[in-house]
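Nothing fancy with the numbering, it's 1 onward along the sequence.
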Amino acid sequence: MRPPHFKHWKKAAAELLFPRRLCAFCGAESPQDILCPDCRRAKENLRSCPSCATFLLPTKPKDQPCSSCRSLQRPFRRARAALPYEGLLRQRLLDFKYEGDSSQQAYLLPLLQETFSRSFAELQLDLLLPVPLSAQRYLERGYNHAEMLSSLLAAEIGLPHRPELLIRSRNTAHLAKLSPQQRFRELRGAFFAEPGCAGRSILLVDDIFTSGATASACTQALLKAGAKAVYVLTVAAGWDPGDGQS
């Protein structure tokens with residue numbers, strides 16, 4: 001059987017040769033931009049927690065952290081996401097992650113590039129790494145969706161791409177059904193970083209930032225291996241649960 005990411009190769013080729021020019025978030029016609037005018041305006045008004053990628057309602061006081069960060073000390077220096085994990089973007093990410101629909105890269109990569117330019121371009125970064133899959137999960141899927149995105153982003157922004165430096169040392173339970181506290185417990189010690197990370201400032205790339213448990217566990221492994229600093233970039237993030245958002 002071929003790996004799942006070849007399943008949609010015709011769709012991916014069509015997207016490359018004849019891009020549909022639809023909004024990445026809502027699917028409306030958007031010939032000039034990755035986002036339609038309405039979604040672009042909405043994006044300009046988004047606010048992130050100062051400590052992580054979680055999105056905040058505009059009614060929150062400026063510079064106030066999200067409800068999670070008020071009780072957590074994040075090990076990474078900064079985390080940012082392009083858009084909230086909702087709308088058509090949510091389905092794009094699910095199709096990319098679980099169905100191997102590589103045509104979605106045409107929408108997801110520009111969002112990562114734009115967020116990198118806004119939030120990380122001024123930094124002196126040394127390496128770009130994806131969040132790794134366990135060997136078991138990789139065998140099940142046949143690909144690592146985060147690595148597919150990170151390799152494309154690294155080529156676009158000119159950073160060395162070294163996915164072999166961060167390893168998921170054991171398989172973990174599916175996190176979607178776990179509470180934030182359970183996620184942090186489940187991922188404790190689940191990653192191992194190679195010595196090649198020592199002294200480096202690293203950009204960690206993943207698809208979604210929810211509780212931040214995965215990003216934190218990866219960061220802790222990288223810092224233990226001697227990394228200088230870790231920053232986190234994702235396509236999407238959730239809303240602060242303290243805001244009553246889904």
Check for a donor-acceptor pair, side chain of [X] on one end and backbone N or O of [Y] on the other, with a separation under 3.5 Å.
X      : Y      : value
Arg137 : Thr172 : yes
Ser71  : Ser68  : yes
Arg74  : Ala215 : no
Lys228 : Leu223 : no

[X] vs [Y] side-chain heavy atoms within contact, under 4.5 Å:
X      : Y      : value
Glu186 : Arg183 : no
Leu125 : Ile202 : no
Phe120 : Ile157 : no
Leu22  : Leu88  : no
Gln124 : Ser201 : no
Ile34  : Phe25  : no
Cys66  : Pro241 : no
Val131 : Leu204 : yes

Please answer: with hydrophobic residues joined when any side-chain heavy atoms are less than 4.5 Å apart, are Tyr138 and Val205 in the same cluster?
no
Same cluster for Leu128 and Leu133 if Ile/Leu/Val/Met/Phe/Trp/Tyr side chains link at under 4.5 Å?
no
Show your reasoning for whether side chain to side chain contact (heavy atoms under 4.5 Å, CB included) applies to Leu149 and Phe96.
CA-CA 10 Å; Leu149 283 177; Phe96 179 58; 3.6 Å; yes
At their closest point, which heavy atom of [X] faces which heavy atom of [Y], and how far apart are they?
X      : Y      : answer
Pro50  : Pro65  : CD-CA, 3.8 Å
Gly189 : Ser169 : O-OG, 3.6 Å
Phe76  : Gly212 : CE2-O, 4.5 Å
Ala154 : His161 : CB-CB, 3.7 Å
Arg170 : Arg188 : NH2-O, 2.8 Å
Arg47  : Leu57  : NH1-O, 3.2 Å

May I ask you to check if Arg168 and Phe191 form a cation-pi contact, with NZ or CZ under 6.0 angstrom from the six-membered ring centre and within 45° of the axis?
no
Decide if atom CD of Glu44 counts as having more than 12 heavy atoms of other residues, nucleotides or ligands within a radius under 6.0 Å.
yes
Please check if atom CZ in Arg90 has more than 12 non-hydrogen atoms from other residues, nucleotides or ligands closer than 6.0 Å.
no
Gap between atom [atom2] of [Y] and atom [atom1] of [X] - 0.5 Å precision:
X      : Y      : atom1 : atom2 : result
Tyr85  : Ile208 : OH    : CD1   : 4.0 Å
Arg80  : Thr115 : CZ    : OG1   : 10.5 Å
Cys23  : Asp38  : SG    : CG    : 9.0 Å
Leu94  : Asp207 : CG    : CG    : 9.0 Å
Leu112 : Tyr107 : CG    : OH    : 15.5 Å
Met148 : Tyr143 : CE    : OH    : 7.5 Å

Side chain to side chain contact (heavy atoms under 4.5 Å, CB included), that's the test. Do Val235 and Leu93 meet it? Break it down for me.
CA-CA 9 Å; Val235 177; Leu93 285 164; 4.1 Å; yes
From CA spacing to verdict: side chain to side chain contact (heavy atoms under 4.5 Å, CB included), Leu165, Leu222:
CA-CA 9 Å; Leu165 294 180; Leu222 292 165; 5.9 Å; no
Donor-acceptor pair between Arg77 and Thr219 side chains, under 3.5 angstrom:
no
Verify the distance criterion only: is there a donor paired with an acceptor across the side chains of Thr234 and Asp206 at less than 3.5 Å?
no
Scan His145, Arg92, Gln91 and name whichever one has a side-chain hydrogen bond (donor to acceptor under 3.5 Å, both in side chains) with Gln104.
Arg92
Salt-bridged, Arg162 to Glu147, with N to O below 4.0 Å?
no
Below 4.0 angstrom, N of the basic side chain to O of the carboxylate: do Asp240 and Lys60 qualify?
yes
Does the plane of the ring in Phe55 sit parallel, tilted or perpendicular to the ring in Trp239? Use 30° and 60° as the thresholds.
tilted
Test log, rule salt bridge (Lys or Arg N to Asp or Glu O under 4.0 Å), inputs Arg78 and Glu122:
CA-CA 13 Å; Arg78 184 188 306 166; Glu122 85 283 2; 3.1 Å; yes
Apply side chain to side chain contact (heavy atoms under 4.5 Å, CB included) to Leu83 and Leu46, showing your working.
CA-CA 8 Å; Leu83 290 164; Leu46 285 172; 4.1 Å; yes
